[in-house]
Amino acid sequence: MLIRVDAELSDELSGAFPHLTARTQPASTTLTGEMTDQEELQGVLNLLTSLGIGVVEVVTIPD
């Protein structure tokens with residue numbers, strides 16, 4: 001799973017997603033990792049929203 005957000009996440013914010021790898025680029029961050037189910041994905045999206053971070057893109061990466 002790949003989630004791109006419209007913010008550069010600090011190490012502290014990236015730490016809120018320990019099961020995802022954060023790669024920061026100018027003005028955005030890409031979080032990648034495996035999600036066990038739709039509920040886990042929704043939890044990550046809800047947390048990003050509650051932190052005021054906009055989600056730009058969510059992509060399923062084939063195995």
**Q.** Under 3.5 Å donor-acceptor, Glu8 side chain and Ala27 backbone
**A.** yes
Q. Are any side-chain N or O atoms of Asp6 and backbone N or O atoms of Gly54, one a donor and one an acceptor, separated by less than 3.5 Å?
A.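 Such a contact is found between Asp6 side chain and Gly54 backbone.
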**Q.** Asn46, CG: over 12 other non-hydrogen atoms inside 6.0 angstrom
**A.**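 Counting neighbours around CG of Asn46, more than 12 heavy atoms of other residues, nucleotides or ligands fall under 6.0 Å, so yes.
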Q.
Around atom CD of Gln25, are there more than 12 heavy atoms from other residues, nucleotides or ligands closer than 6.0 Å?
A.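 Buried by this count: over 12 neighbours within 6.0 Å.
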Any side-chain donor paired with an acceptor under 3.5 Å for [X] and [Y]?
{"X": "Thr29", "Y": "Arg23", "result": "no"}
{"X": "His19", "Y": "Glu40", "result": "yes"}
{"X": "Arg4", "Y": "Thr30", "result": "yes"}

Q) Pick one: which of Leu47, Val5, Leu51, Leu48 meets side-chain contact (heavy atoms from CB on, under 4.5 Å) with Leu13? A)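 Exactly one option meets the side-chain contact (heavy atoms from CB on, under 4.5 Å) with Leu13, and it is Leu51.
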Q: For the residue pair Met1 and Thr60, establish whether any side-chain heavy-atom pair is separated by less than 4.5 Å.
A: yes
Q. Is any side-chain heavy atom of Ile3 closer than 4.5 Å to a side-chain heavy atom of Glu57?
A.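 No; the side chains remain at least 4.5 Å from each other.
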Q. Going from OG1 on Thr21 to CD on Glu34, what distance comes out if it is rounded to the nearest 0.5 angstrom?
A. 10.5 Å
Q. How many angstroms lie between atom CG of Leu20 and atom OG of Ser14, to the nearest 0.5 angstrom?
A. 9.5 Å
(Q) With a 4.5 Å cut-off on side-chain heavy-atom distances among I, L, V, M, F, W and Y, is there a chain of contacts connecting Leu45 to Leu2? (A)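 Different hydrophobic clusters.
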Q | Cluster link Val55 to Leu9, ILVMFWY, side chain under 4.5 Å | A | yes
